[in-house]
A.B. asks: 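Encoded as structure tokens, here's the structure I'll be asking about.
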Amino acid sequence: MAVTGRLGLLALFGALVVGLLLPSTTGILAVGGVLLVLVVVDLVLAGGVRPLTFQRSGDTSVRLGEPCEVRLVVANPGGRAIRGQLRDAWPPSAGASDRHALRLPAGERQALVTSLRPSRRGDRTAARVTVRSVGPLGIAARQGSHEVPWTVRVLPPFHSRKHLPSRLARLQQLDGRSAVLIRGQGTEFDSLREYVIGDDVRSIDWRATARAADVMVRTWRPERDRHVVLVLDTGRVSAGRVGDAPRLDAAMDAALLLAALASRAGDRVDLLAYDRRLRAAVQGSSGAALLTSLVNAMAPLEPSLVETDARGMVAEVLQRTRRRSLVVLLTGLDAAPLEEGLFPVLSTLTARHELIVASVADPRVAEMLAGRGDAEAVYDAASASRTVAERQRVTERLARHGVSVVDAVPEELPPALADRYLALKAAGRL
């Protein structure tokens, strides 16, 4: 490009000299004519962009916030070399490094790599590839665009994966696979061990005690092959932002941790996403394929700015789930939507299934609750206190219907929900 630029400057300088040597009007016309000739010559000698062919390869999926690469191979079947720039355009949320220098001799290929670091979930689709081919004088250029389709699916990040090892260790204790045995309330007999203070006396095996020197108690293996249904509310309440992300993203993270844990426990996990209609469903997946299916189903989900049809949601769950299951509803604890939506149909759901309602709390409310610096802070604290009281009333009302409630800030919700699942396992309610 440096040589091309110097040729262009020399041509322009020559045209100006010619203009200065001639009378004013004639000089202007001469300069204009020379420049027009130079532009035409430059365009004629520039490599053509329309005959170019393109081929893509590279990553088709990436977790949110992580980098990925898409490779673009450009082939020049024309008879002239191409020198210029190429822009591989993507949506702004794809975080693409989309501009590349292009030097492509006739009949050859060049591979260009576009790096992406997406900032939003969902499918990120490539826009047009635009090539600008500059002439040898550097005065004029040919430009053209080509459609070269490619899609990268941006998956949920699954930040809560770090909590999985500790919960699996607790699951192993419940399941009797570690050195420490604690008594679960399942129906499958596991083994006998010596009585320790704190054991339920109802677990004493009197026949085994009569044959042994110590009091013996039975341990029970928590039941396996249970059914867990994760229900994501994608309605209006999921659109509220907590920190830098909508509540829906925090709910997804909690759902992924619980799904990974329940799958390792031998339970079957399904997913439904619903607002006024079914947005996504995952059924029948297990093992390593489960998380892949879940993150692919969650990736394109976006909150809908409509009130959720709770009656339709419950009907969908009951239609798909015949046997008694653990239903985990990830929704809000706002009083008004629950009063009009969930509460009228709650008994229909709890009569057939164990229900957990998990909700994302806003940490900003706790900060406001402690504020006393000035009059505005006091008013904020009063508002926060009212919000906390309303959520507590809703929680108590749900508890009266036999519903477990997990209400925690985004970072604490996934482990808290996993702990509630383990507690239900230990208590024999799942």
A.B. asks: Just by modelled atom types, is the Ala259 backbone N or O under 3.5 Å from a matching donor or acceptor in the Ser263 side chain?
C.D. replies: no

A.B. asks: How close do Val242 and Pro410 get, heavy atom to heavy atom, and via which atoms?
C.D. replies: CG1-CG, 3.6 Å

A.B. asks: Between Arg393 and Glu396, does any side-chain N to carboxylate O distance fall below 4.0 Å?
C.D. replies: no

A.B. asks: State, with a plain yes or no, whether a side-chain heavy atom of Ser97 is found less than 4.5 Å away from one of Arg117.
C.D. replies: no

A.B. asks: How would you list all residue pairs meeting salt bridge (Lys or Arg N to Asp or Glu O under 4.0 Å) that involve residues 270-286, not counting sequence neighbours?
C.D. replies: Arg268-Asp270, Asp275-Arg279

A.B. asks: So does Val360 get a backbone contact from the side chain of Arg247, meaning a donor-acceptor N/O pair under 3.5 Å?
C.D. replies: yes

A.B. asks: Nearest heavy-atom pair of Ala81 and Asn76: which atoms, and what distance?
C.D. replies: CA-ND2, 4.1 Å

A.B. asks: Atom CG of Leu417 and atom OG of Ser359: how far apart are they, to the nearest 0.5 Å?
C.D. replies: 11.5 Å

A.B. asks: Set out, in order, the CA-CA distance, both residues' side-chain angles and the distance that settles side chain to side chain contact (heavy atoms under 4.5 Å, CB included) for Thr53 and His146, then state yes or no.
C.D. replies: CA-CA 9 Å; Thr53 61; His146 301 258; over 6 Å; no

A.B. asks: Are the side chain of Arg124 and the backbone N or O of Gly95 linked by a donor-acceptor pair below 3.5 Å?
C.D. replies: no

A.B. asks: Might you point out which heavy atoms bring Phe158 and Asp253 nearest each other, and give the distance in Å?
C.D. replies: CA-OD1, 3.1 Å

A.B. asks: Does a side-chain heavy-atom distance below 4.5 Å link Met298 with Leu155?
C.D. replies: no

A.B. asks: Which distance, rounded to the nearest 0.5 Å, do you find between the CG of Leu102 and the CZ of Arg99?
C.D. replies: 13.5 Å

A.B. asks: Counting neighbours of CZ on Arg241 that are heavy atoms of other residues, nucleotides or ligands and sit closer than 6.0 Å, is the number greater than 12?
C.D. replies: yes

A.B. asks: Between CD of Glu339 and CZ of Arg397, what distance do you get to the nearest 0.5 Å?
C.D. replies: 4.5 Å

A.B. asks: More than 12 non-hydrogen atoms from neighbouring residues, nucleotides or ligands closer than 6.0 Å to CZ on Arg324, yes or no?
C.D. replies: yes

A.B. asks: Would you mind reporting whether Val405 and Leu333 have side-chain heavy atoms less than 4.5 Å apart?
C.D. replies: yes

A.B. asks: Would Leu72 and Val148 count as a side chain to side chain contact (heavy atoms under 4.5 Å, CB included) if you check the C-alpha gap in whole Å, the side-chain angles of each, and the deciding distance to 0.1 Å?
C.D. replies: CA-CA 9 Å; Leu72 180 68; Val148 190; 4.0 Å; yes

A.B. asks: For Ser93 and Ser119, does a side-chain donor sit closer than 3.5 Å to a side-chain acceptor?
C.D. replies: no

A.B. asks: Which atom names give the shortest non-hydrogen contact between Met368 and Asp380, and what distance separates them?
C.D. replies: CE-O, 3.5 Å

A.B. asks: Within the side chain of Thr331, is there an N or O that forms a donor-acceptor pair under 3.5 Å with the backbone of Asp233?
C.D. replies: no

A.B. asks: I'd like to know if the side chain of Asp334 reaches the main chain of Ala336, judged simply by a donor and an acceptor atom lying under 3.5 Å from each other, with no hydrogens or angles considered.
C.D. replies: no

A.B. asks: Quick one: does any side-chain atom of Thr209 pair with a main-chain N or O of Asp205 as donor and acceptor, under 3.5 Å?
C.D. replies: yes

A.B. asks: Applying salt bridge (Lys or Arg N to Asp or Glu O under 4.0 Å) as the test, list every pair that has at least one member in residues 54-69; sequence neighbours left out.
C.D. replies: Arg56-Asp88

A.B. asks: Counting only heavy atoms not in Asp374, do more than 12 fall under 6.0 Å of its CG?
C.D. replies: yes

A.B. asks: Are Met252 and Arg121 side-chain neighbours, meaning at least one heavy-atom pair lies under 4.5 Å?
C.D. replies: yes

A.B. asks: Could you pull out the closest heavy-atom pair between Leu52 and Gly48, with the gap in Å?
C.D. replies: CG-O, 4.1 Å

A.B. asks: Could you measure the distance from the CZ atom of Arg103 to the CG atom of Leu86? Nearest 0.5 Å is fine.
C.D. replies: 14.5 Å

A.B. asks: Taking the side chain as everything from C-beta on, heavy atoms only, tell me whether Leu257 gets closer than 4.5 Å to Leu261.
C.D. replies: no

A.B. asks: Could you check whether any side-chain N or O of Ser383 sits under 3.5 Å from a backbone N or O of Tyr379, counting only pairs where one atom can act as donor and the other as acceptor?
C.D. replies: no

A.B. asks: Return the CG to CG distance between Asp267 and Leu258, rounded to the nearest 0.5 Å.
C.D. replies: 9.5 Å

A.B. asks: Between Arg153 and Asn296 (side chain of the first, backbone of the second, donor and acceptor by atom type, cut-off under 3.5 Å), is there such a pair?
C.D. replies: yes

A.B. asks: Would you name the heavy atoms of Arg226 and Lys425 that are closest together and state the gap between them?
C.D. replies: CG-NZ, 4.0 Å

A.B. asks: Could you walk me through whether Ile356 and Leu424 pass side chain to side chain contact (heavy atoms under 4.5 Å, CB included), step by step?
C.D. replies: CA-CA 10 Å; Ile356 295 177; Leu424 290 177; 3.6 Å; yes

A.B. asks: Going through the checks in order, is the side chain to side chain contact (heavy atoms under 4.5 Å, CB included) test met by Arg132 and Val49?
C.D. replies: CA-CA 7 Å; Arg132 177 176 294 175; Val49 297; over 6 Å; no

A.B. asks: With a 4.5 Å heavy-atom cut-off, do Val74 and Ile82 have their side chains touching?
C.D. replies: no

A.B. asks: If you define the side chain from C-beta out and look only at heavy atoms, does anything of Arg120 sit under 4.5 Å from Glu302?
C.D. replies: yes

A.B. asks: Has Ser133 got a side-chain atom pairing as donor or acceptor with Gly47's backbone, closer than 3.5 angstrom?
C.D. replies: yes

A.B. asks: Using 0.5 Å steps for rounding, measure from the CG atom of Leu104 to the CD atom of Glu108.
C.D. replies: 7.0 Å

A.B. asks: Return yes if some donor-acceptor pair links the side-chain N/O of Arg128 with the main-chain N/O of Ala89 below 3.5 Å, else return no.
C.D. replies: no

A.B. asks: Without hydrogens or angle criteria, can the side chains of Thr114 and His100 be said to hold a donor-acceptor pair below 3.5 Å?
C.D. replies: yes

A.B. asks: Are there more than 12 heavy atoms of other residues, nucleotides or ligands under 6.0 Å from atom CZ of Arg109?
C.D. replies: no

A.B. asks: Between Met313 and Leu329, is there a side-chain heavy-atom distance shorter than 4.5 Å?
C.D. replies: yes

